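The block underneath contains the structure these notes are about, expressed in C-alpha cells.
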Amino acid sequence: MKTKSKILIIAGSDSSGGAGIQADLKTITALGSYGMTAITAITSQNTTGVKSIVPISPKEIINQIIFTSKDIKPDAVKIGMLHSSKVIQSVIKSLNKINVKKIVLDPVMVAKGGTKLINDKAIDLLREKFIKRVTLITPNIPEAEILTKTKIRNKEDMIFAANKLINLGAENVLIKGGHLKSKIVQDIFLNKLDFKIFTSPRYNTKNTHGTGCTLSSAITTFLSCGKPIKKACELGIKYLNSAILTNPNYGKGHGPINHLNSMDIKKKYR
C-alpha cells in the first residue's frame with residue numbers, strides 16, 4: 001500500500017493510546033497516509049481520566065515542527081492540544097516558516113473525564129489570532145460555547161455559534177453535535193458560501209474516547225489527498241462512525257474506538 005500524503009500532527013500525547021497523538025497517528029496510517037509529530041504535552045491518563053500533564057517547552061515544539069518539516073514537507077497540518085498562549089504563539093511562528101496551506105484545528109480544551117487542558121489566556125489567543133490562520137476548525141459543543149461565549153442547546157444555537165466563528169475570521173467551521181441529547185447526531189458545516197448538516201445515528205456506547213482527535217485527523221487526511229473541504233468532512237464523519245460502532249470495549253471508563261475499521265488485513269499470521 002503506497003502512502004497518499006504526508007501530515008504533520010501538532011498535539012499532546014495520550015498514554016492510553018485512545019486520543020491525542022496516538023489516535024492521530026493510527027487514523028492517518030489507517031487511511032493510507034504518513035504521519036509526523038510535534039508533541040506539545042505528555043499526559044498520563046487512562047480510560048477513567050487524566051492523572052498528570054507535563055508541558056513541552058515552546059522552543060522544543062518549534063524545533064520539532066521546523067526540523068521535521070525541513071526534511072519531509074507536509075501536505076497538511078493537524079493541530080490538537082495547545083495548552084498555553086506561549087505554545088500557540090510558537091506554533092503560529094512555526095506555521096509561518098513551513099508555509100503549509102491546509103491546516104485543521106481541533107481546539108482541545110477539556111478531556112473526556114472533565115480535566116481542563118488549556119488556560120484562559122490561551123483561549124483568548126486562540127479566538128483572536130489563531131482561528132483566522134487555519135483552513136478548518138472543528139470544535140465540539142462545549143468548545144464552541146467557550147470560543148463564541150454563547151450557550152448551545154439545539155441545532156439553531158449550533159448554526160448561530162458557527163456563524164460567530166466565521167465572523168471571528170474562521171474560513172470553515174465544523175461544530176460537532178455529539179454533546180446534545182438526541183437520537184440523531186447533527187454536525188454543522190459552514191463557511192461564507194456553503195452550509196451542510198451531517199446526520200449520523202447515535203450509538204449507545206460509553207467508548208468514545210478520542211473521537212474529536214480521530215475526526216479531525218481523518219478530515220485532515222482526506223483534505224491532504226485533494227478532497228474538497230466539505231467532502232473531507234463527510235468522509236471523516238463516516239470513518240469516525242464506523243470506528244465508534246466497532247469499538248473494542250477496552251478499559252473501565254470511556255474506552256477507545258476502533259481506528260483500524262478502514263483496514264482489511266488479508267495476510268494470515270501463524
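The shown structure was predicted, so the numbers you read here are calculated from the model rather than taken from an experiment.
Both I131 and I88 belong to a common hydrophobic cluster when Ile, Leu, Val, Met, Phe, Trp and Tyr are linked at side-chain heavy-atom distances under 4.5 angstrom. By the criterion of side-chain heavy atoms lying less than 4.5 angstrom apart, applied directly or through intervening Ile, Leu, Val, Met, Phe, Trp or Tyr residues, I229 is not grouped with L190; the two fall into different hydrophobic clusters. Hydrophobic cluster membership is shared by L105 and M36, with clusters built from Ile, Leu, Val, Met, Phe, Trp and Tyr side chains linked at under 4.5 angstrom. Cluster membership for F189 and L168, using ILVMFWY side-chain heavy atoms within less than 4.5 angstrom, is not shared. Using a 4.5 Å cut-off between side-chain heavy atoms of Ile, Leu, Val, Met, Phe, Trp and Tyr, with links allowed through other members, L245 and F198 fall into the same hydrophobic cluster.
Between L174 and I137 there is no side-chain heavy-atom pair separated by less than 4.5 Å. Using a 4.5 Å heavy-atom cutoff, the side chains of F130 and L82 are in contact. At least one side-chain heavy atom of L215 sits under 4.5 Å from a side-chain heavy atom of I237. Inter-residue side-chain proximity for V104 and L223 is flagged as met; some heavy-atom pair is nearer than 4.5 Å. In this structure the side chain of M109 reaches within 4.5 angstrom of the side chain of E143, judged on heavy atoms. Using a 4.5 Å cut-off on side-chain heavy atoms (C-beta onward), E171 and V134 make no contact. Between D106 and I79, the closest side-chain pair of non-hydrogen atoms is not below 4.5 Å. By the 4.5 Å heavy-atom criterion applied to side chains, L8 and I98 are counted as neighbours.
The distance from the OG atom of S200 to the CG atom of N241 is 4.0 Å, given to the nearest 0.5 Å. The CG atom of D187 lies 13.0 Å from the NZ atom of K155; values are rounded to the nearest 0.5 Å. In this structure, CG in L125 is found 5.0 Å from CD1 in I92, a value given to the nearest 0.5 Å. Atom CG of residue N140 and atom CD1 of residue I146 lie 8.5 Å apart, to the nearest 0.5 angstrom. Expressed to the nearest 0.5 Å, how far OG of S224 lies from CD1 of I219 amounts to 12.0 Å. Summarising the geometry, atom NZ belonging to K176 is positioned 13.5 Å from atom CD1 belonging to I188; distances are rounded to the nearest 0.5 Å.
Closest approach of K196 and K230 over heavy atoms only: CB-CD, 3.8 Å. I184 approaches P201 most closely through the heavy-atom pair CD1-CA, 4.4 Å. Taking all atoms of both residues into account, the shortest heavy-atom contact from G20 to D14 is N-CB, 4.3 Å. What you find for K78 and C213 is that their closest heavy atoms are NZ-O, 3.1 Å. Contact detail for T47 and G255: the closest heavy-atom pair is CG2-CA, 3.8 Å. Across L147 and P139, no two heavy atoms sit closer than the pair CD1-CB, 4.5 Å.
Environment of NZ in K6: crowded, with over 12 heavy atoms of neighbouring residues, nucleotides or ligands closer than 6.0 Å. Shown here is K206, whose NZ atom has more than 12 heavy atoms of other residues, nucleotides or ligands within 6.0 Å. The local environment of NZ in K129 is sparse, with at most 12 non-hydrogen atoms from other residues, nucleotides or ligands closer than 6.0 Å.
Looking only at distances, no side-chain donor or acceptor of T221 sits under 3.5 Å from a matching main-chain atom of I28. Using modelled atom types, no side-chain atom of R133 and backbone atom of I103 make a donor-acceptor pair closer than 3.5 Å. Put simply, the side chain of R127 never gets that close to the backbone of T148: no donor and acceptor are under 3.5 Å apart. Counting only distance, with no hydrogens or angles, the side chain of T135 and the backbone of K101 share a donor-acceptor pair below 3.5 Å. Judged by distance alone, with hydrogens and angles left aside, the side-chain atoms of N163 form a donor-acceptor pair with the main-chain N or O of I159 at under 3.5 Å. Side-chain N or O atoms of T40 include one that pairs as donor or acceptor with a backbone N or O of M81 at under 3.5 Å. Remark: the backbone N or O of I65 is not paired with any side-chain donor or acceptor of T68 at under 3.5 angstrom. The backbone N or O of I39 lies less than 3.5 Å from a partner atom in the side chain of Q64, making a donor-acceptor pair. Using modelled atom types, one side-chain atom of E145 and one backbone atom of I152 make a donor-acceptor pair closer than 3.5 Å.
Using a 4.0 Å cut-off between charged side-chain N and carboxylate O, K238 and E234 make a salt bridge. With respect to D124 and K121, no salt bridge is recorded, no charged nitrogen being found less than 4.0 Å from a carboxylate O. The residues K164 and D157 are annotated as not salt-bridged, no charged nitrogen and carboxylate oxygen being separated by less than 4.0 angstrom. Under the 4.0 Å criterion applied to side-chain N and carboxylate O atoms, D75 and K102 are not assigned as salt-bridge partners.
In this model, a donor atom of one side chain and an acceptor atom of the other lie less than 3.5 Å apart for H259 and T214. In the model, K4 has no side-chain atom that pairs as donor or acceptor with a side-chain atom of S33 under 3.5 Å. A donor-acceptor contact closer than 3.5 angstrom links the side chains of S13 and Q22. Side-chain polar atoms of N172 and N191 form a donor-acceptor pair below 3.5 angstrom. For the 3.5 Å distance criterion, the side chains of S217 and T27 fail to qualify, holding no donor opposite an acceptor.
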Exercise for the section: Test side chain to side chain contact (heavy atoms under 4.5 Å, CB included) on I72 and Y34 and set out the steps. Expected result: CA-CA 10 Å; I72 304 174; Y34 180 81; 4.1 Å; yes
Exercise for the section: Test L136 against T138 for side chain to side chain contact (heavy atoms under 4.5 Å, CB included), laying out the working first. Expected result: CA-CA 7 Å; L136 172 71; T138 63; 3.6 Å; yes
Practice task
Check the pair Y203, N247 against side chain to side chain contact (heavy atoms under 4.5 Å, CB included), reporting the backbone distance first and the verdict last.
Solution key: CA-CA 11 Å; Y203 300 114; N247 76 82; over 6 Å; no
Practice task
With side chain to side chain contact (heavy atoms under 4.5 Å, CB included) as the test, would you mind laying out the steps for I244 and N207 before giving the verdict?
Solution key: CA-CA 7 Å; I244 295 170; N207 299 318; over 6 Å; no
Return all side-chain donor-acceptor pairs below 3.5 angstrom for residues 50-58, not counting sequence neighbours, or 'none' if the list is empty.
from, atom 1, to, atom 2, distance (Å)
S52, OG, S44, OG, 3.3
S57, OG, E60, N, 3.2

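A243 is linked by a side-chain contact (heavy atoms from CB on, under 4.5 Å) to I257, N261, counting only residues two or more places apart in sequence or in another chain.
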